[in-house]
Amino acid sequence: MPTSTNSDNGMRDFGTGRPAMAVSPDSVLDSVRTLLPEIAAAAAQVDRDGTVDPEVISELHDAGYFALLQPEPFGGLEGEPDVYLTATRELSSACTSTGWLAGWLAVNNWGLSVRDERVLQEIWGSDPRTLLCSSYAPTGRLEGVDGGFRLSGRWTRCTGARHASWLSVAALLVGPDGAAQDFVAVLVPRSDYLIEPTWNGLGLRGIGADDVVVSGAFVPRHRSFSWLDFNLDTAVPALDRLPQPTVYTLAGTMPLLGAAQRALTQRISEATAPSDPIAMAGTEIELSVLQIRRNVADLMKCVRSGANPDTGLVLRTRRDQVMAADRAVRAVQTIVQDPVRAVDDVLLERVWRDVQTARMHVSSNVEQVLSVVGRYTLGLDVDDLIW
């Protein structure tokens, strides 16, 4: 992957020669925090209008938020994942829709250094601020043709589709007999897909998780990536060598934790004792944040050493992540079910709808994850891919 240096901060935006943002991941977090009052003030409007103002996305670009997980040679920061997770949680505390939308647009920049360098140049070469939307349900169909494939399919609930210029989706490669041959991820430019406005969630009203449709678009081979023939090597940056499900599932949990913290902020000062249900809920959220930070730090230490995280560490991370999602929902429920103390009913009603919608994401399937963790604890086979 090409690199270049710059006396300002050690890198330049790929393909432009312009100095990259003179920022560090920590300064990005500071910049995001300056936007939180504005984002919180607009949360009710986002819920009413069903959209996040594009100017907010632009401000998050300026803050460097979307560069946090982006590869350095293409204008990114390749920061610590904890900075991304913290920023996403705090954005979600201000407005759950904004946090969910931004969090998924940002995480789609992660892990792409394993792809062919030509497609990365196509995406970011002329504009490092390009965003991607995604769906990894294999609801597409690829057929081999000269030089690549023909892709057709519909992918539902593609968060932020209208803010993105590229689509990253999964598809099954089928042979002449119609049988599936491979599980493939492909990257598609905006000119090759249509967005159908279908999102009408109970909560997360502003995330624009619309359907995306591709009808027979040609996909050059270099824009495809086989999940069945996937081997990481030491040339891949440590950040992108984290286990694939881990970062995506954490991206689905940070908004829940942020929403719970927003609701608890309205009530935690009224807790009269450590055993008070509100105080206990606050403690559980703090515990979840600490567990996630510990696990991510352990994962990063492992991949930096050149090793691959073992099953125990991956499952511990997934267990703590899914329990964090469950605790967040229960924390908001605790507040909803307490009719005694005063609360901002409009705020609480919106947060409640947001968490009920967010908990439906595949990353929050508590029963599935704990069943796998239980089998591992008993020494049984756990070769499941638990998204």
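Because the structure is a prediction, the values reported are computed rather than measured.
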Nearest atoms (heavy-atom pairs only) where Cys302 meets Asn308: SG-C, 3.6 Å
Cationic N near anionic O, under 4.0 Å, Arg375 to Asp381: no
Any salt bridge linking Arg353 with Glu349? Criterion: basic side-chain nitrogen under 4.0 Å from a carboxylate oxygen. yes
Flag the pair Arg115 / Ser168 as yes when at least one side-chain heavy-atom distance between them is below 4.5 Å, and no otherwise. yes
So, are Arg221 and Asp116 salt-bridged, with charged N and O less than 4.0 Å apart? no
Return the OG1 to CG distance between Thr130 and Asn108, rounded to the nearest 0.5 Å. 13.0 Å
Does a sphere of radius 6.0 Å around CE in Met360 hold more than 12 heavy atoms from other residues, nucleotides or ligands, not counting ones at 6.0 Å or beyond? no
Less than 6.0 angstrom separating the ring centers of Trp110 and Tyr248, yes or no? yes
Where the side chain of Arg318 meets the backbone of Ser363, is there a donor-acceptor pair that is under 3.5 Å apart? yes
Test item: Leu142 and Val174 side chains (from C-beta on) under 4.5 Å apart, heavy atoms: no
Before accepting this row, confirm whether a basic side-chain N of the pair Arg129/Asp62 lies closer than 4.0 Å to the acidic partner's carboxylate O. yes
Atom CD1 of Ile207 and atom OG1 of Thr159: how far apart are they, to the nearest 0.5 Å? 4.0 Å
Quick one: does Glu284's side chain have a donor or acceptor within less than 3.5 Å of a partner on Ser288's backbone? no
Decide whether Val107 and Val186 are clustered together by the hydrophobic rule: side chain heavy atoms of Ile, Leu, Val, Met, Phe, Trp, Tyr closer than 4.5 Å, transitively. no
Heavy-atom donor-acceptor pair, Asp354 side chain to Leu204 backbone, under 3.5 Å: yes
Taking everything shown except Glu367 itself, do over 12 heavy atoms lie less than 6.0 Å from its CD? no
Heavy-atom closest pair, residues Ala259 and Val351: O-CG1, 3.6 Å
Minimal non-hydrogen separation, Asp344 against Leu347, with atom names: OD1-N, 3.1 Å
If you take all heavy atoms of Arg359 and Leu256, which pair is closest and at what distance? N-CD2, 4.2 Å
Short side-chain to backbone donor-acceptor contact, Asp211 and Glu196, under 3.5 Å: no
Backbone N/O of Gly103 and side chain of Tyr84: donor-acceptor pair under 3.5 Å: yes
Got a salt bridge between Arg294 and Asp320, using NZ or NE/NH1/NH2 to carboxylate O under 4.0 Å? yes
Looking at Arg293 and Asp82, is there a salt bridge between them, counting it only when a charged N and a carboxylate O are closer than 4.0 Å? yes
Using modelled atom types only, decide if a donor and an acceptor are shared between the side chain of Arg223 and the backbone of Val119 within a distance under 3.5 Å. no
In this structure, is the centre-to-centre distance between the rings of His163 and Trp104 below 6.0 Å? no
Between the main-chain N or O of Thr198 and the side-chain N or O of Asp210, is there a donor-acceptor pair closer than 3.5 Å? yes
Please report the shortest heavy-atom distance between Leu348 and Val332, naming the atom on each side. CD1-CG1, 4.3 Å
Heavy atoms, side chains only, cut-off 4.5 Å: are Val145 and Phe218 in contact? yes
Would a 4.5 Å heavy-atom cut-off, applied to side chains only, mark Leu60 and Phe66 as touching? yes
How far apart are the C-alpha atoms of Leu242 and Val296, what are their side-chain angles, what is the distance that settles it, and do they pass the side-chain contact (heavy atoms from CB on, under 4.5 Å) test? CA-CA 9 Å; Leu242 289 172; Val296 170; 5.6 Å; no
Is there a side-chain contact between Pro138 and Leu172 in this structure, where contact means two heavy atoms from C-beta onward sitting under 4.5 Å apart? yes
Here the gap from Gln337 atom CD to Arg330 atom CZ, rounded to the nearest 0.5 Å, amounts to 11.5 Å
Can you tell me if Ser31 and Tyr65 form a side-chain donor-acceptor pair at under 3.5 Å? no
Main chain of Val188, side chain of Asp192: is a donor-acceptor contact present, judged purely on distance under 3.5 Å? no
Any donor-acceptor pair under 3.5 Å linking the side chain of Gln261 with the backbone of Glu286? no
Is any side-chain heavy atom of Glu78 less than 4.5 Å from a side-chain heavy atom of Gln70? no
Identify the heavy atoms of Gly99 and Leu91 that sit nearest to each other, and give their distance. CA-CB, 3.9 Å
Glu143: what forms a salt bridge (Lys or Arg N to Asp or Glu O under 4.0 Å) with it, not counting sequence neighbours? Arg141
One pair to check against side chain to side chain donor-acceptor pair (under 3.5 Å): Tyr193 and Ser215. What are the steps and the verdict? CA-CA 7 Å; Tyr193 59 89; Ser215 301; over 6 Å; no
One should read off an interatomic distance between Thr317 OG1 and Asn295 CG, to the nearest 0.5 angstrom, of 4.0 Å
Go through the steps for Glu122 and His222 under the test side chain to side chain donor-acceptor pair (under 3.5 Å), then give the verdict. CA-CA 11 Å; Glu122 289 173 340; His222 70 268; 3.1 Å; yes
Counting C-beta onward and ignoring hydrogens, is there a side-chain heavy-atom pair between Pro71 and Trp124 closer than 4.5 Å? yes
Across all chains, not counting sequence neighbours, the side-chain contact (heavy atoms from CB on, under 4.5 Å) partners of Ala161 are Cys133, Cys158, Ile195, Val212
Output the distance between atom CD (Gln45) and atom OG1 (Thr51), rounded to the nearest 0.5 Å. 10.5 Å
Side chain to side chain, Asn200 and Arg205, heavy atoms closer than 4.5 Å: yes
Report yes or no: does Arg190 contribute a side-chain atom to a donor-acceptor pair with the main-chain N or O of Trp166 at less than 3.5 Å? no
Would you check, one step at a time, whether the test side-chain contact (heavy atoms from CB on, under 4.5 Å) holds for Val184 with Phe225? CA-CA 6 Å; Val184 182; Phe225 176 82; 5.5 Å; no
As a quick check of understanding, evaluate side-chain contact (heavy atoms from CB on, under 4.5 Å) for Leu264 and Ile335, giving each step before the final call. CA-CA 8 Å; Leu264 286 165; Ile335 298 172; 3.8 Å; yes
Once rounded to the nearest 0.5 Å, what's the spacing between atom OG1 of Thr357 and atom CG of Leu202? 4.5 Å
Would you say that more than 12 heavy atoms from the other residues, nucleotides or ligands in this model lie under 6.0 Å from the CG of Asp177, or not? yes
Worked verdict on Ile57 versus Leu101 for side-chain contact (heavy atoms from CB on, under 4.5 Å): CA-CA 9 Å; Ile57 301 300; Leu101 169 65; 4.0 Å; yes
